[in-house]
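Worksheet for the structure shown next.
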Amino acid sequence: MGLTLGIETSCDETSVALVEDGRRILSNVVHSQVDLHKGFGGVVPELAARDHLERLPQLLDLALEGAGAKPTDIDLIAVTRGPGLAGCLLVGVGVGEGLAAAWSTPLTGVNHLWGHIYAAMLARPGLEPPLLGLVVSGAHSDLVRMPEHGRFEVIGRTRDDAAGEAFDKAARMLGLGYPGGPALDQLARTGDARRQPLPQPSLPGLEYSFSGLKTALLYRLRDLGDTVTEQRHPPDGDSSQIKADLAASFEHSVVESLLEKLDAALEAHPYPEVVVSGGVAANTLLRKRAAEVVGDRARLTMPPLELCTDNAAMIAAAGHYSTSVVGAVVVDPSLGW
Ligand code: KG4
Ligand code: ZN
């Protein structure tokens with residue numbers, strides 16, 4: 001039982017949410033910093049941290065108002081403690097600690113990656129561990145086993161780039177700017193992967209690697225010449241189609257690689273529940289293909305798009321199940337599972 005206030009500031013989304021019993025979202029206010037960072041082609045940590053600080057008071061008011069709640073109704077404050085950008089995490093944790101002191105409310109620090117798994121429990125409140133999870137975000141491509149609440153075991157991860165990072169870098173090579181993943185997804189819908197085949201990464205076991213694929217795209221673009229990228233020439237019809245085909249092909253290789261290992265993990269650990277979450281789980285092809293690959297071997301939950309990308313409701317949900325309620329939170333930018 002209880003009402004949890006969630007605070008998320010690990011990267012470029014500022015978010016405050018109120019969640020009841022770890023499962024029911026009463027409000028989930030998200031401010032995206034896309035416009036702030038667009039001109040720089042990526043997230044500028046200093047600007048991100050300052051913006052979190054400026055936005056949090058207003059987002060807190062909106063979250064309370066949206067939930068029809070008062071500070072005295074809140075039983076627990078849950079704030080992201082890592083992984084993420086150090087300055088950004090410090091802002092969220094500082095605000096969380098200030099509120100906890102002012103309201104005499106318990107405070108807990110939440111692992112952002114756990115939050116991505118708990119997002120699936122907001123999407124389907126009946127979902128319980130044990131489950132197999134694939135968390136694909138800007139910095140992680142991790143396969144995890146979750147035998148019970150608050151326990152995670154990593155069984156596979158990437159050797160180099162994360163899937164989201166690979167999408168973002170490919171998007172930049174294709175001249176799509178920031179944020180890259182959603183733009184590449186959109187462009188890929190008009191392309192045909194078979195016209196520009198790229199290698200599909202394949203490492204033994206449950207390991208991922210996307211850096212070779214990224215290099216293959218770079219060399220292909222070099223071979224095709226400058227006309228394909230928008231920066232030097234306004235694209236004509238042909239080069240636009242080539243770009244779309246390359247986007248589709250890159251997306252195909254990443255998605256099939258992610259799912260090849262998910263398939264193997266499910267064979268090795270035949271859990272009844274599978275969760276695919278994190279920002280990259282918003283990808284159109286991944287959503288379609290994940291359902292096909294999991295099939296009727298397990299029940300697949302992929303959160304709706306707004307719960308795939310960073311938000312505070314998932315932090316509140318994970319905080320509700322946290323066993324370590326503490327008075328002060330340690331910020332840990334490189335936190336693992
Ligand atoms: O989970 P998230 O919001 O933030 C992190 O914790 O990193 O994930 C952000 C990542 C970015 O790399 C972004 O490009 C990617 O998720 N992303 C997508 C899509 N939407 C977001 N990648 C592919 N297709 C999408 N539709
Ligand atoms: Zn995230």
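Read the numbers this way: they start at 1 and go in the same order the structure lists the ligands and their atoms.
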(request) Select one of side chain, backbone, both or neither to describe which atoms of His140 lie under 4.0 Å from any atom of ligand 1, heavy atoms only. (result) neither

(request) Give me the protein N, O or S atoms that fall under 2.8 Å of the Zn ion (ligand 2), sorted by chain and residue number. (result) His112 NE2, His116 NE2, Asp310 OD1

(request) Would you name the heavy atoms of Gly22 and Ala317 that are closest together and state the gap between them? (result) O-CB, 3.5 Å

(message) Quick check: do Lys288 and Thr284 have side-chain heavy atoms less than 4.5 Å from each other?
(response) no

(request) Under the side-chain contact (heavy atoms from CB on, under 4.5 Å) rule, collect the residues that match up with Cys308, sequence neighbours excluded. (result) Ala281, Ala282, Arg287, Pro303

(request) Could you tell me the residue and atom name of the protein heavy atom closest to atom 20 (N) of ligand 1, and the distance to it rounded to 0.1 Å? (result) Gly279 O, 3.4 Å

(message) Give me the residue, atom name and distance of the protein heavy atom closest to atom 24 (N) of ligand 1.
(response) Asn283 ND2, 3.1 Å

(message) Pairing donors with acceptors under 3.5 angstrom, does anything connect the side chains of Ser10 and Thr80?
(response) no

(message) Could you tell me, atom by atom, which parts of ligand 1 come under 4.0 Å of a heavy atom of Asp185?
(response) 24 (N), 25 (C), 26 (N)

(message) Yes or no: does His116 have any heavy atom under 4.0 Å from an atom of ligand 1?
(response) yes

(message) Could you check whether any side-chain heavy atom of Leu89 comes within less than 4.5 Å of a side-chain heavy atom of Pro333, counting everything from C-beta outward?
(response) yes

(request) Tell me whether the centres of the aromatic rings in His140 and Tyr208 are closer together than 6.0 Å. (result) no

(request) Report the part of Glu251 in contact with ligand 1, treating N, CA, C, O as backbone and CB onward as side chain, heavy atoms under 4.0 Å; options are side chain, backbone, both, neither. (result) neither

(message) Would Glu13 count as a polar contact of ligand 1, with the cut-off being nitrogen or oxygen pairs under 3.5 Å?
(response) no

(message) So, 4.0 Å and heavy atoms of Cys11: is ligand 1 close enough to count as a contact?
(response) no

(message) Ignoring hydrogens, what is the shortest heavy-atom contact between Gly6 and Ala312? Give both atom names and the distance.
(response) O-CB, 3.4 Å

(request) Mind checking side-chain contact (heavy atoms from CB on, under 4.5 Å) for Thr190 and listing every partner two or more places apart, or none if nothing turns up? (result) Leu187, Ala244

(request) Under 4.0 Å from a heavy atom of His112: give me the atoms of ligand 1 that qualify, with their elements. (result) 6 (O)

(message) Salt bridge check, Arg172 against Asp168: does any charged N sit closer than 4.0 Å to a carboxylate O?
(response) no

(message) Looking only at protein heavy atoms, which one is nearest to atom 12 (O) of ligand 1, and what is the separation?
(response) Asp168 OD2, 2.7 Å

(message) When you compare ligand 1 with Gly181, is there at least one nitrogen or oxygen pair between them that comes in under 3.5 angstrom?
(response) yes

(message) Taking atom CD as the centre, does Glu306 end up with more than 12 heavy-atom neighbours from other residues, nucleotides or ligands that are less than 6.0 angstrom away?
(response) yes

(request) Quick one: look up the protein heavy atom nearest atom 4 (O) of ligand 1 and list residue, atom name and how far away it is. (result) Asp310 OD2, 3.1 Å

(message) salt bridge (charged side-chain N to carboxylate O under 4.0 Å, His left out), that's the test. Do Asp192 and Arg194 meet it? Break it down for me.
(response) CA-CA 6 Å; Asp192 183 343; Arg194 287 165 302 187; 3.2 Å; yes

Compile the donor-acceptor pairs under 3.5 Å between side chains in residues 34-47 and protein atoms, sequence neighbours left out, one pair per line.
| from | atom 1 | to | atom 2 | distance (Å) |
| --- | --- | --- | --- | --- |
| His37 | ND1 | Val44 | N | 3.1 |
| His37 | NE2 | Gln33 | OE1 | 2.7 |

(message) Show, in sequence, the C-alpha distance, side-chain angles and deciding distance for Asp263 and Arg297, and conclude whether the salt bridge (charged side-chain N to carboxylate O under 4.0 Å, His left out) test is met.
(response) CA-CA 10 Å; Asp263 177 63; Arg297 284 181 292 170; 2.6 Å; yes

(message) If the cut-off is 4.0 Å to any non-hydrogen atom of Phe167, which atoms of ligand 1 fall inside it?
(response) 22 (N), 23 (C)

(message) With heavy-atom distances below 4.0 Å as the criterion, list the atoms of ligand 1 near Gly164.
(response) 12 (O)

(message) Which residue and atom name correspond to the protein heavy atom nearest atom 10 (C) of ligand 1, and how close is it?
(response) Gly138 N, 3.5 Å

(message) Among all the protein's non-hydrogen atoms, which is closest to atom 15 (C) of ligand 1, and how far away is it?
(response) Val280 CG2, 3.9 Å

(message) Within the 4.0 Å heavy-atom shell around Thr309, which atoms of ligand 1 are there?
(response) 3 (O)

(request) Nearest 0.5 Å please: distance from the CG atom of Leu62 over to the CG atom of Asn28. (result) 12.0 Å

